[in-house]
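A short write-up of the structure that comes next.
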Protein chains: 2
Amino acid sequence: MSGTSEGQMERGGKPAEVRRRSGVGPSVDALGQDLAHEAWALLFEVMHAHMRNFPALAAEFELSPVQAHVVRQLGEGPLAMSTLATYLSCDASNVTGLVDRMEVRGLVERRSSEHDRRVKMLVLTEAGAALRERLLERLAEPPAVIANMPEGDLKSLRDIMRRARER
Amino acid sequence: MSGTSEGQMERGGKPAEVRRRSGVGPSVDALGQDLAHEAWALLFEVMHAHMRNFPALAAEFELSPVQAHVVRQLGEGPLAMSTLATYLSCDASNVTGLVDRMEVRGLVERRSSEHDRRVKMLVLTEAGAALRERLLERLAEPPAVIANMPEGDLKSLRDIMRRARER
DNA sequence: TATTGTTATACTCTATAACTATA
DNA sequence: TATAGTTATAGAGTATAACAATA
C-alpha cells in the first residue's frame, strides 16, 4: 500500500495550476512556476531515461529486474520471505516462485528459522554473493548525464542529496 | 534466546559499502571516492524509493506501469505501433496485446496510415487524453524528499538538471 | 485464532518464431 | 525481398483465495 497517495487526490478540489498561483504553499518564482515542481520534473526526466534501462542492465547478469532487486537487498543479511515481500511491495505468494527460480540457479538458499519454524530465512549463496558484487559495481557506474557534469555541479548535487537523505 | 542464532538474524549486518579502486576513472577526492560515483549513488538511493512506487501510482488510474507509460508518450501525437515498441524497448509483438487492452478500455484508437497501409497509427481517445491530463498532474507532484528541500537546494538542483539536459 | 509460506488460478508484460498483408 | 503488424507459445511478475504447519 502506498501511504503517500491519498492526500493528493483531487475530488472536486482545486487543480494544481490554481494552487501553484495562489501564493499558498511552497515558494513561487518569477514565472509563476512552483520551484519544487520544476526541479522534480527535470529530475524525473533525467532519472526516467536511466530507470527504463534497468531491465537491460539486469539482463547483463541474466537476472530479471526483480531478481536483480532481490540480489541487491539480500546482501545486507538474511531476510525472512515475508520481509522480502514487504520490500518488494508485493504479495507473499509471489516470493515463493521468485525464490524457487533463484534457488534453482544457485543464487539463494532457504534456511528454516530456529525461533519460529514457520519462517524461512533467505541468504545469498557464495555464487549469489559474487554476482551481487559485480551487480553493485555495475549499478554504481554513473550514467553519462551524471558523468559529464562539471565538478562544481557534482559537488552541489552530492551535498544536496546528502542533506535530503538526512531529512 | 541469548546469542543462539547470529547467523540467522535479520538485517544484522553493516551496509556493504562499494569499494572504489583508486586510479580508475575520473578525478578522485580526498576520501578516495570518485565524485561522480558518489553523487550518483546518493541520487540513486534517494530516487529509488520513489521509482519503486510507480506501479502503485499507475494503479491509482487503473493502469499497469507500461500502460501509464504509453498514455504519457501518446500525448505528443499519433504514433506508429512500431515506434511505440521502440520507445518501450520491447518487441513489436507485445504492442499488439498492449494496445488491444487499452483499446477495449476506450483509451486509444488504431488508425490505418494513408501513406503506408501496413502501418497503424495510435491516438488517444478523448477519454484517454482526459486520463492523461490527470496522470501528468499526479506525476508532477514532487515526492516529500523534493518538496521538503530548502529553496536554495531546489534552485541549485533545478539549474544543475537544466544544464545536464542541455548537454 | 493469527501468521508464514505454499499452492492454484488468472491476468499482464516480455521474448521468439511463424504468419499476413502490404511495400 | 523486406517491413508492419498479428498470432501462437512460453516464461516471469503480480494479485486473490484457499490451505497446511506453526505460533
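Just so it is clear, the structure is predicted and the values come from calculations on it, not from any experiment. Labels below follow one simple rule: chain letters A, B, ... track the order of the sequence lines, proteins then strands, and each chain is numbered from 1.
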From the list dA15(D), dC13(C), dA12(D), which nucleotide is the closest neighbour of the side chain of Cys90(A)? dA15(D)
Picking from dG5(D), dG13(D), dA15(C), which would you name as closest to the side chain of Lys120(B)? dG5(D)
I'd like to know if Glu103(B) and Arg101(B) make a salt bridge, using a cut-off of under 4.0 Å between side-chain N and carboxylate O. no
Without decimals, in angstroms, what is the distance between Glu62(A) CD and dA12(D) P? 12 Å
Using OP1 and OP2 only, check whether a side-chain N or O of Arg111(A) sits under 4.0 Å from dG5(C). no
Please determine if Arg105(A) and Asp100(A) form a salt bridge, counting it only when a charged side-chain N lies under 4.0 Å from a carboxylate O. no
Taken to the nearest whole Å, CZ/Arg101(B) to C1'/dT14(D) is 13 Å
Rounded distance (Å) that lies between atom P of dT7(D) and atom CG of Leu98(B): 14 Å
Calculate the interatomic distance between Asp100(A) atom CG and dG13(D) atom P; express it in whole Å. 11 Å
For the OH atom on Tyr87(B), are there more than 12 heavy atoms of other groups (residues, nucleotides or ligands in this structure) within a distance under 6.0 Å? no
Measure from CG on Leu84(B) to C1' on dT6(D) and round the result to the nearest Å. 15 Å
How would you label the contact of Ser64(A) with the nucleic acid (heavy atoms, under 4.0 Å): base, sugar-phosphate, or nothing? sugar-phosphate
Could you encode protein contacts along nucleotides 16-23 of chain D as a string, one character per nucleotide from 5' to 3', using B for base contact, S for sugar-phosphate-only contact and - for no contact, with a heavy-atom cut-off of under 4.0 Å? BB---BBS
Can you tell me the distance, in whole Å, between the CD atom of Gln67(B) and the P atom of dC11(C)? 14 Å
Within the 4.0 Å heavy-atom criterion, would you say Thr96(B) contacts the bases, only the backbone, or no part of the nucleic acid? base
Atom CG of Leu107(A) and atom P of dA12(D) are separated, to the nearest Å, by 13 Å
When rounded to the nearest 0.5 Å, the distance separating CE of Met51(B) from CZ of Phe44(B) is 10.0 Å
Do NZ/NE/NH1/NH2 and the carboxylate oxygens of Arg162(B) and Glu38(A) come within less than 4.0 Å? yes
Say you draw a straight line from CG of Asp153(B) to OG of Ser156(A); how long is it, rounded to the nearest 0.5 Å? 9.0 Å
Judged by each residue's nearest nucleotide on DNA chain D, which is more toward the 5′ side, Gly97(A) or Thr83(B)? Thr83(B)
At less than 4.0 Å, is any side-chain N or O atom of Ser82(B) found next to OP1 or OP2 of dT3(D)? Yes or no. no
Tell me whether Val71(B) is reachable from Val123(B) by hopping between hydrophobic residues (I, L, V, M, F, W, Y) whose side-chain heavy atoms are closer than 4.5 Å. no
Taking CG from Leu88(B) and P from dA15(C), how many angstroms apart are they, rounded to a whole number? 10 Å
Short side-chain N/O contact to dT6(D) OP1/OP2 from Arg110(B), under 4.0 Å: yes
